[in-house]
There are 2 protein chains.
Amino acid sequence: MQPVSPRAGSVGRPPRLSKEALLQAAHRVLEAEGPGNLTMRRLARELSSTPMALYYYVRDKDELLLLLLEERAQRFPRPQLPTDHRERLLCAAQVLHDMFVGCPWIAEVLTADDLMAVSALWVVEAMIDSCIACGLSPEAAVYSYRVIWHYTVGRLVVPTVPEQPRPQTEQPPGRARAATAPPLKRSPIRRPNRRSPTRRTRTVRSWGSSWQACYPARGADPRGPSHASSRDNRPMASSRYDVA
Amino acid sequence: MQPVSPRAGSVGRPPRLSKEALLQAAHRVLEAEGPGNLTMRRLARELSSTPMALYYYVRDKDELLLLLLEERAQRFPRPQLPTDHRERLLCAAQVLHDMFVGCPWIAEVLTADDLMAVSALWVVEAMIDSCIACGLSPEAAVYSYRVIWHYTVGRLVVPTVPEQPRPQTEQPPGRARAATAPPLKRSPIRRPNRRSPTRRTRTVRSWGSSWQACYPARGADPRGPSHASSRDNRPMASSRYDVA
DNA sequence: ACCTGAACACCGTTCAAGT
DNA sequence: ACCTGAACACCGTTCAAGT
């Protein structure tokens, strides 16, 4: 919490960049063009600098992403968790989800390597604590945490149709709404044009999610009598449950 | 199921490549060098061909990945599902998992776009059917399916420590072993050197998974007094649950 | 201490042309 | 019908050098 700039007795050229500047610029690019366009080169351009300058502040791109994650986790308001053990577990799980929902680069971070923000660990500890307080052994508590974590990752990582309304008629068992749900600031998920904007796809909505299947460009399949190609006329239309 | 090659009355140059050849070569590359090295160019090299030739058989790289997925789903033995509704649901869920476990490119496919193999849809339908047979409304059944699907994706997508033993002491509630668990052929997950092999990382094992945090190369942080840099000495060692 | 230029070794994809 | 060469517009990262 010291004043930002002039270090006493500093030598050498004063910096024009900083870690914060990188992060801010990264956010701007992310907001404007999506995660597919957040590259070191693009980021440098955003900062009117060169790609190489970034490497002075950041080891590689992964570290940049990790820093973004870290910042997000730090900024996230730390809610008052319920005292009831079960409620606390659910609420913490919700926090873990909300912490990272809506940042589309999360998939890249979570799947790339086992990167995780240390600033989010308090949630993890809260969850495991709650499990133990509920009477689980440490091993079972960890196991339970990981089940919830895997579910959360799935939620964060699979591309979604704009909204996923829960069925209101009957609450599925064991899935009570967390008590103090923190503000879910859902930034607009804008998928960038990932490489080929000319791609022709067919979107089949089924089971509340959109399944996209691309099919060959040139009408009927021109690629010889491979017995796999009989799969190319997708039988999706026959699926029985279309509840989107 | 026709004989592979010579189409009667064919004109033009006979093909040297085929969709199957692509897929086989892709498998070889995947096996030998991991998903990070499966590129169109590498694939062409594997086939002693040019990158461009591939685009005659495949619209783009995504379609190639989708084909790999499709093939996998088709090859997967279709087990006899139990008649008991609840058991059937659990078993089908297990199938959905086992179908894609151990193929490390799955993350890329599932997160890239909402690509899914149509050959795997029978599992999905079985799951939703089971839910309905259990008495759920169609909406609730779909909701339940999606919960399971998200969990499955999480399992498939997060990088894991070699083995994840379940706590044997007490079976967590509601997580019965699926009746006819199909053969789990776990191909060795070898993460390729993803770009920078010189990267120095520190691995912290916690909660049964390894969390890796990279830290700056040059000893103590040389990057000025950014208040975020105080985060760079990771306080992970203080975590209380180290059950790896 | 902080930043740059040039270069390396890659990507996916398009286009027009060749046989 | 099937494939190629050359090119486009990118990547992340390293290295040596400049101020």
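Reminder, nothing fancy here: chain letters follow the sequence lines and each chain counts from 1.
As rounded to the nearest Å, D:dA9 and C:dA9 have P atoms that lie 23 Å from one another.
The shortest side-chain heavy-atom distance between A:Leu110 and B:Val157 does not fall under the 4.5 Å cut-off.
Rounded to whole angstrom, the span from the CZ atom of A:Arg59 across to the P atom of D:dG12 amounts to 17 Å. Whole-Å rounding puts the A:Leu43 CG to D:dT13 C1' distance at 15 Å. What separates CE of A:Met40 from P of D:dT14 is a distance of 10 Å, to the nearest Å. Counting to the nearest Å, the P atom of C:dA1 and the OH atom of A:Tyr55 are 22 Å from each other. Between the CG atom of B:Leu47 and the C1' atom of D:dC2 there is a distance of 14 Å, given to the nearest Å.
Side-chain N/O atoms of A:Arg42 include none lying less than 4.0 angstrom from OP1 or OP2 on D:dA9. Between A:Arg16 and C:dT4 there is a side-chain polar atom (N or O) within less than 4.0 angstrom of OP1 or OP2. Residue A:Tyr56 places no side-chain N or O under 4.0 Å from the OP1 or OP2 atom of C:dC3. One finds a side-chain N or O of B:Thr39 lying less than 4.0 angstrom from the OP1 or OP2 phosphate oxygen of C:dC11. Look at A:Tyr57 and you'll find a side-chain N or O under 4.0 angstrom from OP1 or OP2 of C:dC3. Look at A:Ser49 and you won't find any side-chain N or O under 4.0 angstrom from OP1 or OP2 of C:dC3.
Helical stems in DNA chain D, defined as runs of 3 or more consecutive Watson-Crick or G-U wobble pairs with donor-acceptor distances under 3.5 Å: C:4-8 with D:12-16, C:12-16 with D:4-8.
Each of C:dT13, D:dC3, C:dC3 was ranked by its minimum atom distance to the side chain of A:Ala53; first place goes to C:dC3.
Within 4.0 Å (heavy atoms only), A:Met52 reaches at least one base atom of the nucleic acid.
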When you look at A:His27 and A:Leu68, which way does the side-chain contact (heavy atoms from CB on, under 4.5 Å) test go after all the steps?
-> CA-CA 8 Å; A:His27 274 126; A:Leu68 283 170; 3.8 Å; yes
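Both A:Arg41 and A:Leu54 sit near DNA chain C, but only A:Leu54 has its closest nucleotide nearer the 5' end.
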